[in-house]
Every structure is written in C-alpha cells, then in structure tokens.
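In what follows, chains are A, B, ... by sequence order, proteins preceding strands, each numbered from 1. Side chains are part of it too, since the values below use all heavy atoms of this structure and drop only hydrogens, waters and symmetry mates.
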There are 2 protein chains.
Amino acid sequence: MPAEPQDAHRPDHAPLELERFLPYRLSILSNTVSQAIADDYQARFDLSVTEWRVMAVLARFEGLSAREVAERTAMDKVAVSRALARLVEAGRVNRGTHEGDKRRSVLSLSEAGWEVHDVVAPMARAREREVLAKLDADEQAWLSRILDKLLGPPVPPRSGQPQSGAEATVA
Amino acid sequence: MPAEPQDAHRPDHAPLELERFLPYRLSILSNTVSQAIADDYQARFDLSVTEWRVMAVLARFEGLSAREVAERTAMDKVAVSRALARLVEAGRVNRGTHEGDKRRSVLSLSEAGWEVHDVVAPMARAREREVLAKLDADEQAWLSRILDKLLGPPVPPRSGQPQSGAEATVA
DNA sequence: GCGTTATAGTTACATATGAAACCATTTGCA
DNA sequence: TGCAAATGGTTTCATATGTAACTATAACGC
C-alpha cells in the first residue's frame with residue numbers, strides 16, 4: 001500500500017501536485033507523442049528526431065543555410081550542425097556553398113532524402129491524427145487556439161523594448 | 001530573403017508544416033515552459049529537473065521506495081537512482097532501508113530538503129501561473145480537460161485486452 | 001528447505017546534448 | 001584600405017540520458 005499524501009500532515013509545506021502541474025503534464029504528453037512517432041522511423045531509417053526535423057524543414061524550404069534551419073526547427077546551431085553532418089554523410093542532404101558568402105551552406109534534400117521523407121511524413125501525420133482522434137472537434141479547435149496563444153509572443157515584457165535572448169529556445 | 005515554400009513546386013511530396021504539427025508544437029511549448037522554471041532553481045540550488053521532480057514527489061509522499069518514486073514521476077528507475085544518489089549526497093534526502101524487505105529504500109526529504117522545496121515550489125507555481133495567464137478562463141478549462149483526455153488511457157486498443165509495455169513512458 | 005524466477009536498485013557503456021572555444025569569412029566603419 | 005566586431009559553422013569538452021548487464025534480496029513452486 002503506497003504512502004498517503006502528507007498534505008494534511010504538513011500544511012506549511014504546500015507540496016506540488018505533480019500530476020496536476022501544467023509543465024509536468026506537458027512534458028509527459030510531449031515525450032509520449034514524440035516517442036511514438038520516433039519509434040516509427042528511428043530504427044527503420046537510422047534517423048534521429050533532430051535529423052528528421054531538419055529534413056522536414058528542408059522539404060519545405062530548399063536552399064536554406066544551417067542557421068536558417070536552426071531558426072525554423074527551434075534547435076540550436078550545434079544540434080543542426082551535427083544532424084547535417086550525419087545527413088550529408090548518409091547522402092540524404094546535399095550541401096553546397098553560398099555564392100557571395102562562403103561561410104553559408106546551401107542545403108537541400110537529395111533524391112534519397114526525398115525517398116525517406118516521403119515515407120516518414122505520412123507516418124508522422126498518421127500518428128498526429130491518432131492523437132487528435134482522442135479529442136472531439138471542439139476540443140481540437142480549442143487546443144489549436146490555445147497552443148497558438150501559448151506559443152505566441154514569448155512573454156509580453158512589462159514595457160515596450162523587444163527583449164533579447166528569449167527567442168533562443170523558441171526562435 | 002529566405003527561400004520560399006516548395007509546396008507548390010513539388011505537390012507530390014506533401015512536406016510537413018512543422019509549425020502546425022502538433023507533436024512539434026508540444027515539444028517547443030514543453031521545453032520552453034520547463035526551461036523557464038528550471039532556470040529559476042538550477043543554478044541557484046545546483047538542482048536538476050529530475051532531482052526536483054523526485055523532491056516534489058517526496059514532499060507529498062513520505063517513505064516511498066525508489067521504484068514508487070519512479071512510477072510517480074514517470075521517470076525510469078536509472079534516472080531516479082542517479083537523482084537520489086545526488087540528493088542523498090547533498091543531504092537533501094534521507095534514505096533508509098525497508099524493514100522486512102532489505103531491497104527497498106525508504107525515502108524522505110531531510111530538513112535541508114524541505115528548505116529547498118519550500119523555496120522552489122512557490123517559484124514553480126508562479127511560473128505556471130504566468131503561463132496560464134496568457135489564457136482566459138475558458139481556455140484554461142479546456143486545456144485542463146484536453147490534457148486529461150490526451151494523457152488518459154494510452155490508446156484504446158482495438159479490443160479489450162489491457163496492453164502491456166505502453167506505460168513504460170508514462171507510467 | 002531449495003532451486004528458479006522476479007524484483008529493487010546500481011553500475012557500465014555507449015550515445016546525445018549544450019556551452020564555450022574555435023576557424024573562416026564577411027561586415028562596419030574610421 | 002585596414003582592422004575590430006559580427007556571423008556561419010564546426011569542434012571540444014563536460015554532462016546527461018537510455019539500455020543492458022549486474023548484485024542483492026525476496027517470492028514461488030515443489
């Protein structure tokens with residue numbers, strides 16, 4: 001028999017109820033969902049989540065630089081650099097050099113990359129549908145709206161200055 | 001000027017729109033929120049997220065075993081073991097041995113542990129409030145309801161058998 | 001009782017991740 | 001021009017995390 005809550009016992013300590021705590025619940029949900037999808041392709045294509053995200057972005061926007069990929073995936077540039085190294089190595093991404101700025105790379109999916117993409121993207125979408133199927137139409141609409149709000153402007157700073165640094169995580 | 005979407009270009013490939021993709025959005029949101037909270041205590045108390053979660057559970061349920069902590073935090077037992085090693089080392093958690101079952105440990109917060117808890121818990125709650133403040137009352141209610149549904153039964157299997165293995169991630 | 005199997009917890013190894021240092025190139029501007 | 005500062009990208013190092021193997025104890029079947 002599991003121990004019982006001590007709330008009453010130590011009213012002065014006001015412990016968190018983890019299972020009702022928003023950040024905790026989000027974390028569990030996010031991990032569960034992402035893991036379910038990753039399980040579909042990870043072993044099959046030897047593809048990590050970060051690599052897949054890079055591919056997904058390059059599928060929509062050809063010719064991006066690594067930095068632009070980082071912005072659009074909300075990953076930091078080190079993670080992107082590593083993912084790209086593996087993807088290029090595996091022949092899934094073509095990497096050229098920007099004319100006029102030799103620092104920048106110019107990235108796109110290769111044929112092999114597209115083949116992987118065209119298998120993984122539908123699987124990912126199917127998983128998303130599975131998750132959403134647990135909700136009715138109303139709930140789906142609210143969820144979308146809520147996420148828009150929560151993900152929107154990082155946090156309205158007291159006054160007007162555009163705050164710096166905060167976008168590093170979300171970008 | 002950033003490249004433009006290739007959707008029209010390659011209608012056959014149907015790329016994912018990452019920024020509308022539920023798993024992706026959840027991941028960003030979860031990371032952003034958790035990170036904001038962690039920033040509050042990580043450096044200040046040299047406390048990791050997993051350690052904090054263990055502490056939060058022990059604050060509510062005294063005398064749990066490591067396995068029970070793992071269940072309640074949805075972390076795996078290795079992570080819990082490591083977190084506990086550090087917490088005990090730091091004098092924040094007391095670890096005894098269960099009478100009648102010498103395999104089990106009996107865990108509780110020490111005085112020092114409670115002191116940390118009593119600073120961190122209110123900070124965590126305050127951050128949660130900040131996030132929720134972006135939503136109006138309706139939206140907050142829907143969010144709670146939606147999370148309940150999404151986090152509920154892992155996934156209704158076609159028929160009735162209780163499926164095994166799925167709880168490993170959520171527990 | 002006694003061997004087999006299950007359970008609590010830790011350790012070892014391999015991989016992933018983040019921060020900071022590091023090149024190379026480009027930009028800003030005196 | 002020419003040099004300091006900024007930018008794109010990679011590498012290094014330290015830390016985190018997951019899987020599997022391992023130890024110790026307990027439970028089960030006979």
A:Arg25/A:Glu19 salt bridge by N-O under 4.0 Å criterion: no
Rounded distance in Å - CD (A:Glu68) to P (D:dG8): 9 Å
DNA chain C: 5'-proximal contact among A:Thr50 and B:Arg82 (nearest heavy atom): B:Arg82
D:dG9 OP1/OP2 closer than 4.0 Å to side-chain N/O of A:Ser105: yes
Rounded distance in Å - CD (A:Gln42) to P (D:dT17): 17 Å
Contact under 4.0 Å: A:Ser81 side-chain N or O vs D:dG8 OP1/OP2: no
Sugar-phosphate, base or nothing in reach of A:Arg86, heavy atoms under 4.0 Å: nothing
Covered region of DNA chain C, 5' end to 3' end, by chain B [heavy atoms, under 4.0 Å]: C:dA6 to C:dA12
Carboxylate-amine/guanidinium proximity below 4.0 Å for A:Asp148 and A:Arg145: no
A:Arg82 vs A:Asp76, salt bridge (Lys or Arg N to Asp or Glu O under 4.0 Å): CA-CA, chis, key distance, verdict: CA-CA 10 Å; A:Arg82 287 197 266 241; A:Asp76 73 66; over 6 Å; no
Distance-only donor-acceptor check, side chains B:Arg53 and A:Ser27, under 3.5 Å: yes
5′-ward residue of the pair B:Leu84/A:Ser48 relative to DNA chain C: B:Leu84
Under 3.5 Å side-chain donor-acceptor pair for B:Asp39 and B:Gln35: yes
Sugar-phosphate only, base, or nothing, as touched by A:Lys77 at under 4.0 Å among non-hydrogen atoms: base
d(CZ, B:Arg67; C1', D:dA26) in whole Å: 14 Å
Length of the line joining A:Asp101:CG and D:dA6:P, which is rounded to integer Å: 17 Å
B:Glu128 side-chain N/O to A:Phe21 backbone N/O, donor-acceptor pair under 3.5 Å: no
First of A:Arg104 and B:Gly100 reached from the 5' end of DNA chain D, by closest nucleotide: A:Arg104
salt_bridge(A:Glu71, A:Arg67) N-O dist < 4.0 Å: yes
